[in-house]
Amino acid sequence: MRWSDLFIPTLREDPADAEVASHRLLVRAGYIRQLTAGVYSLLPLAQRARLKVINIIREEMNRIGGQEFLLPAIHPAEIWKESGRWEVMGENMFRLRDRKGADMALGMTHEEVFTSIARHTINSYRQLPQVWYQIQTKFRDEARPKSGLLRVREFTMKDAYTFDVDRAGLDKSFQDQYDAYCRIFTRCGLKYTAVEASSGAMGGSQSTEFMVRTEAGEDRIAVCPECGYAANVEKATSRLAEYQDEEDADKPEKFPTPGMRTIEDLTTFPGGASADRQIKTLVYALNDRLTLVLMRGDHELNETKLADASGALNIRPAHPEEIREALGAGAGSLGAVGVTRASHPEIDRIIADSALRSRRNMTTGANQDDFHLRGVSVERDIQVDHWASLRTVKAGEGCPECEGALDVFKAVEVGHIFKLGTKYSESLGARVLQADGSEVPIVMGSYGIGVERVMTAAVELYNDEAGIVWPESIAPFHVVITPVNIKDAELMSVAERIYAELEAAGIEALLDDRDERAGVKFNDADLIGVPFRITVGKKIKDGRVELFTRASRTSEDVQIASIIESLRAKLEATSE
RNA sequence: CGGGGCGUGGCUCAGUCCGGUAGAGCACUCGGUUUGGGACCGAGGGGUCGUUGGUUCGAAUCCAAUCGCCCCGACCA
C-alpha cells in the first residue's frame, strides 16, 4: 500500500479530550474518530489491526472445533423475557420499538439467541457437543463510556457458546476455550493474567477473566507472585493473621461515646478500640430488603461479593431514613447485637464477613446515638444468618493458597469465559434425550473476547513518547518504506524495487511516497507504530539502506540486496 | 444518577471577568526557496462563537433554558 493512497489523518497535537494513552494515540495516529459518546469509527489502519486480531481469534476457534455463525443484532423482547434478563439488564440494554409497537432490543450478548436455536434443533445427546461462535457487534448502553475504545457502547465481540450433555463435557469444552484464549492473547502479543472472576448477571458456577495489567484498566486483580493464584478483587480472598482475643465478660457493656461516628473516631476515643477490634455495621437494601452487613472495622466491603453471596440483583446502601426507622439510630452508632427478625422486623437478615468468625471482645454501635457496646463476642451476641467473604483484599495480605503475599493492580478485561450450566437451557427449554431415554437440559458455557479491547490493550501495553509500538502479529503493516526524498529518482527507484519485492514476499509494506520532509515521515511512521522501517536515503550510493526497529528505535545499515532476508529474520524473531 | 470542567475555522487554543461588528499557531490552496527527525518567505480561502429564548442601541462576552462532550464517583457480562 502506498501512503498517498491510504487515509491516515495523523494529528500534530494530542486530542484535547483523550486521557489514557491508547485513546490519545489511536486518535492522534489516525486510527479512530469518535462519533458520539462511547461510539467510534475505525479508520483504515484500525480496521487492518482489528482484522488481524479477528483472524487470530477465528483460527484458534476453528482449531478447537468452533463453527462460525452470524446472528442478528436486533432481538425481539420475548426471548429476553423468557430468560428473565429483559429486567436484569436494566438500562444497559438499548431498547426500541418497531413500527407495530413491539419491544425490541439491540443485542448485548447472545445466550438467548444461540439457545433458542439449540432448543429447536438439538434434541439428542448424539448431536452434542457443539461449539458455536460468532464475531459480531454488541451494544451496551454504558452509564459512563470512557477511555476511548476501552469502555464503549458499541463494539465487536467474539462470543462462543458450548453445548454439552453433562458437566464433564462442559469441563472439557471450558478447558478447550481456556487453552484457545491463552493462544489467542499470546499470539496477539499481550501479556495477560487469567483470574478467577465473579459471574455477575451471566449466572453460572465458575468464570475466568483474561486481564491485561494497565493503569487504564477499571478492574483490580489480586495476584500471588509465588504460586500464581490470581483473582479479580470481586472474588479474591486472602489469608489474615489469626487473632487470639482475650476472654470477655459474659455480656456486652454499653458505654457513652458522645459525637463518635466513625471507626476512626473510636480508635482515639478513651475506652474505644483499634479498628481491627471493631465491628462495622453497614445497612444495605438487597432487592429492597434491608440487610445488615458486618465487617471488621479496618476492612472494606466489596459490593460484588455481597451481591454474589446474597444472590441479590439490586443492591444499594440503605437511605438514612430507612436506617433510622429500622434500627433507631443513625449511621455511626449501628450494631447487630440483639437484632433479630422479631425485634427488628425491618431487617431481613444479617450477613457477616468471615474475618469476624470467632472474634471476641469487640466494639460496635449500640443502636442508640452516642452509645457503643464493648465486650461483644460475635458468635455469642449476634445472630448471623449468613457468613461470607465480603472483604476487599489489599496488597500485601497473605495469599490464600500459599505463604506468599498478594499484589493488587489495575487491569482491563479482554476476555471472560463462563461455565453457565443449565441456566439458559432451563429457562428457554433447550433439552436433549440421553441414551437411557431421560431428558436433561443442555449444559452450556459462554466465552467472550472484546476485539477492539485486545487492540487497545496492546496499545496501552506498548507505546512510548513517539507513539504506538504494535506487536508484529496485529500491526496494520509489517514495515514502512521511507524514501527520504521522493524527487530523487534514483532513490525512489530503489524504494519502489524494495516495495515490490516485499509485496512479492508476502510482507505487508507501506510505501511512504508522500512529498514530505523526512522528519515528518519519520515521526508519522513512529506514531502509527509499524514495527519496522526501511529508510532509503543517500546510503544507496554504497548499496545500503537502513533497517529501523520501532520498539528499540535503533537502526542498522543493510545491503539492499539482503534487505528482504534481514527483515524476514527480524519478523520471525519477534513473532516467536 | 450526583459532583466538576468544557463547547469559538479541520486540529490545539486565546478572547468571556469588564458587551462595541472574531484572533493566533498548526492544517489547507497558490508562488518561491529548502530537503535525514514535525522547514522558511510571500499571497490566499475557510468561523450560524453548540442550540433556543431573554436583557441591551449593540451579545462569543450578561441572564435563563436546553443539547453535547470530557473527568471523578455511583453503576457495569
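So you know, we letter chains A, B, ... as the sequences are listed, proteins then strands, and number each from 1.
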Look at the side chain of [X] and the backbone N and O of [Y], then say whether any donor-acceptor pair between them is shorter than 3.5 Å.
| X | Y | value |
| --- | --- | --- |
| A/D542 | A/R544 | no |
| A/T482 | A/V484 | no |
| A/K280 | A/H299 | yes |
| A/Y31 | A/I528 | yes |
| A/D219 | A/V412 | no |

Would you classify [X] as touching base, sugar-phosphate or nothing, given that sugar-phosphate means primed atoms plus P, OP1 and OP2, and contacts are heavy atoms under 4.0 Å?
| X | result |
| --- | --- |
| A/R533 | base |
| A/S147 | sugar-phosphate |
| A/N92 | sugar-phosphate |
| A/R316 | nothing |
| A/Q34 | sugar-phosphate |
| A/A143 | base |
| A/S207 | nothing |

Looking only at atom [atom1], what distance separates [N] and [M], rounded to whole Å?
| N | M | atom1 | result |
| --- | --- | --- | --- |
| B/rG50 | B/rA22 | P | 15 Å |
| B/rA60 | B/rG2 | C1' | 30 Å |
| B/rA27 | B/rG44 | C1' | 14 Å |
| B/rG7 | B/rC49 | C1' | 9 Å |
| B/rA59 | B/rU48 | C1' | 14 Å |
| B/rG15 | B/rU8 | C1' | 9 Å |
| B/rA14 | B/rC71 | C1' | 23 Å |
| B/rG47 | B/rG9 | C1' | 4 Å |

G-U wobble or Watson-Crick pairing nucleotide for [N] (cut-off 3.5 Å, both distances):
| N | value |
| --- | --- |
| B/rC49 | none |
| B/rG68 | B/rC6 |
| B/rG73 | B/rC1 |
| B/rC30 | B/rG42 |
| B/rU21 | none |

For the pair made of [atom1] in [X] and [atom2] in [N], what is the distance, rounded to whole Å?
| X | N | atom1 | atom2 | value |
| --- | --- | --- | --- | --- |
| A/K521 | B/rU35 | NZ | P | 15 Å |
| A/D515 | B/rU34 | CG | C1' | 12 Å |
| A/I315 | B/rA74 | CD1 | P | 13 Å |
| A/H23 | B/rC70 | NE2 | C1' | 9 Å |
| A/F522 | B/rG36 | CZ | P | 9 Å |
| A/I540 | B/rG36 | CD1 | P | 14 Å |
| A/K146 | B/rC71 | NZ | P | 7 Å |
| A/R514 | B/rG37 | CZ | C1' | 13 Å |

**OP:** Assess whether one donor atom and one acceptor atom, taken from the side chain of A/D524 and the base of B/rG38, lie less than 3.5 Å apart.
**Re:** yes
Original post:
Does any donor-acceptor pair link the side chain of A/R12 with the base of B/rG37 at a separation under 3.5 Å?
Top reply: no
Original post:
Using a cut-off of 4.0 Å between protein heavy atoms and nucleotide atoms, how would you tag nucleotides 3-13 of chain B 5' to 3' with B, S and -?
Top reply: --------BSS
Salt-bridge present ([X], [Y]; N to O < 4.0 Å):
| X | Y | value |
| --- | --- | --- |
| A/R58 | A/E68 | yes |
| A/R553 | A/E465 | yes |
| A/E546 | A/K539 | yes |

Subject >> Members of residues 152-161 of chain A that approach RNA chain B, where some heavy atom sits under 4.0 Å away >> reply: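 Within residues 152-161 of chain A, the residues near RNA chain B are A/F155, A/M157.
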Subject >> Within residues 542-549 of chain A: residues closer than 4.0 Å to RNA chain B (heavy atoms) >> reply: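 Nucleic-acid contacts, sorted: A/E546, A/F548.
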Subject >> Candidate nucleotides B/rU34, B/rA74, B/rC75, ranked by approach to the side chain of A/E303 - the nearest >> reply: B/rC75
**OP:** Go through B/rA39, B/rG37, B/rG36 for me and flag the one nearest to the A/T535 side chain.
**Re:** B/rG36
Subject >> Nearest-nucleotide comparison on RNA chain B, the residue closer to the 5′ end among A/G148 and A/T304 >> reply: A/G148
Subject >> RNA chain B: 5'-proximal contact among A/L527 and A/E234 (nearest heavy atom) >> reply: A/L527
Original post:
Between A/F139 and A/F94, how do the two ring planes meet: parallel, tilted or perpendicular, split at 30° and 60°?
Top reply: perpendicular
**OP:** Please work out whether the ring planes of A/F114 and A/H110 are parallel, tilted or perpendicular, with thresholds of 30° and 60°.
**Re:** perpendicular
Over 12 foreign heavy atoms within 6.0 Å of [atom1], [X]:
| X | atom1 | answer |
| --- | --- | --- |
| A/K191 | NZ | no |
| A/R220 | CZ | no |
| A/E91 | CD | no |

Original post:
Can you tell me if the side-chain N/O atoms of A/R517 get under 4.0 Å from OP1 or OP2 in B/rA39?
Top reply: yes
**OP:** Establish, with yes or no, whether the OP1 or OP2 oxygen of B/rC69 is under 4.0 angstrom from a side-chain nitrogen or oxygen of A/T36.
**Re:**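 Looking at the OP1 and OP2 atoms of B/rC69, one of them is under 4.0 Å from a side-chain N or O of A/T36.
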Original post:
Taking atom types as modelled, is there a side-chain donor on A/Q134 or A/D159 under 3.5 Å from an acceptor on the other?
Top reply: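 Judged by distance alone, the side chains do pair up.
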Subject >> Test applied, side chain to side chain donor-acceptor pair (under 3.5 Å); reference residue, A/W80; option that passes from A/E112, A/E111, A/H75, A/E87 >> reply: A/H75
